[in-house]
Amino acid sequence: MRFLLLFCLMVNAVLVSSTELTFELPDNDKQCFYEELEKGVKFDIDYQVIAGGNYDVDCFVADPLDRVLYQEKKKQYNSFSHTTEEKGVYKVCFSNEFSTFSHKTIYLDFRAGEEKPLIPEMSRATALTQMESACLSLHEILKTVTDSQTWYRLREAQDRIRAEEIHDRVTYWSIGETFILFVVSIGQVAMLKSFFTDKKSGVAANT
């Protein structure tokens, strides 16, 4: 069983090609990524804003002739699929130029090419052996686990960043309250002291 699992993992690693990255996008800035693809290749893009501002970003995809294939404004997350019609460099750009002070953190998953059959015999009408069926089952389970891990990782990043923001706000609020209480205390002491000073002055004048 251990050999079977190792074999399936090795085959899966060879067949699956994907690029995942998380990057910072400052305010009033734009960042582009480039990928050279052959004609007739299908590619898929998934992106999500995991931190910053209203969790939105502008995104567009262009082909080698600078024709816009996809364009969305102020989206928190989205997906896009396309089959290339031209050979060349394709461009994926994210823009935060509409924001004047919000720094964004963005997750991008870029997948190119169709996933080949895990077992070549799958393309023919033949029965699979027990080992091949087990490999297919493990392959599907691993894909599900990978997608779940990605989803949980993004949720963890969002929740952690929000928790840090709330912690910072509570800290600043506590500091502000402490300062206000300090100022109010000094003001009350000064006011009470002025009352006694006025009484002493009035008594001295009467005598």
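For the single chain, residues carry numbers from 1 onward in sequence order. Worth knowing before you read on, the calculation uses all heavy atoms, side chains too, and leaves out hydrogens, waters and symmetry mates.
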Disulfide bond (SG atoms under 2.5 Å apart) partners of residues 148-183, not counting sequence neighbours, each pair once: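 The answer is none; no pair qualifies.
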
As an exercise, state the distance from [atom1] of [X] to [atom2] of [Y], rounded to the nearest 0.5 Å.
X      : Y     : atom1 : atom2 : value
Ile106 : Thr22 : CD1   : OG1   : 10.0 Å
Lys42  : Ser81 : NZ    : OG    : 5.0 Å
Asn28  : Ser95 : CG    : OG    : 9.0 Å

Short side-chain to backbone donor-acceptor contact, Asn96 and Pro26, under 3.5 Å: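 Yes, the answer is positive, given that a donor and an acceptor are paired below the 3.5 Å cut-off.
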
Only pairs under 3.5 Å count here: list side-chain donor-acceptor contacts from residues 45-60, not counting sequence neighbours, and write none if there are none.
| unit_1 | atom_1 | unit_2 | atom_2 | d |
| --- | --- | --- | --- | --- |
| Asp46 | OD1 | Ser79 | OG | 2.4 |
| Asp46 | OD2 | Arg111 | NH1 | 2.9 |
| Asp46 | OD2 | Arg111 | NH2 | 3.2 |
| Tyr47 | OH | Tyr70 | OH | 2.8 |
| Tyr55 | OH | Arg162 | NE | 3.1 |
| Asp56 | OD1 | Lys104 | NZ | 3.2 |
| Asp58 | OD1 | Lys74 | N | 2.7 |

Over 12 foreign heavy atoms within 6.0 Å of CD, Glu85: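 For Glu85, atom CD is not crowded (no more than 12 foreign heavy atoms under 6.0 Å).
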
Quick one: side chains of residues 33-40, donor-acceptor pairs under 3.5 Å with protein atoms, not counting sequence neighbours, listed by atom name and distance.
none

Within one Ile-Leu-Val-Met-Phe-Trp-Tyr cluster: Phe23 and Phe110, side-chain cutoff 4.5 Å: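 Shared cluster, yes.
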
Linked, directly or transitively: Val61 and Leu108 (ILVMFWY side chains, under 4.5 Å):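 Per the 4.5 Å side-chain linkage, Val61 and Leu108 are co-clustered.
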
Side-chain touch [X]/[Y], heavy atoms, less than 4.5 angstrom:
X     : Y      : result
Leu25 : Thr105 : no
Lys73 : Phe98  : no
Lys91 : Asp63  : no
Arg67 : Glu86  : yes

Side-chain H-bond candidate by donor/acceptor type, Ser102 with Asp27, under 3.5 Å: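 There is no such pair (donor and acceptor under 3.5 Å, judged by atom type) between the side chains of Ser102 and Asp27.
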
All pairs passing ring-ring contact (aromatic ring centres under 6.0 Å, His included) where residues 165-193 contributes a residue, at least two apart: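 Sorted result for residues 165-193: empty, none.
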
With sequence neighbours excluded, residues passing ring-ring contact (aromatic ring centres under 6.0 Å, His included) with Tyr90: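 Scan of Tyr90 (ring-ring contact (aromatic ring centres under 6.0 Å, His included), adjacent residues dropped) gives Phe43.
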
Partners passing side-chain contact (heavy atoms from CB on, under 4.5 Å) against Val189 (at least two apart in sequence or in another chain):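 side-chain contact (heavy atoms from CB on, under 4.5 Å) check on Val189 returns nothing, list empty.
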
Working for side-chain contact (heavy atoms from CB on, under 4.5 Å), residues Phe80 and Asp44: CA-CA 6 Å; Phe80 173 69; Asp44 301 280; over 6 Å; no

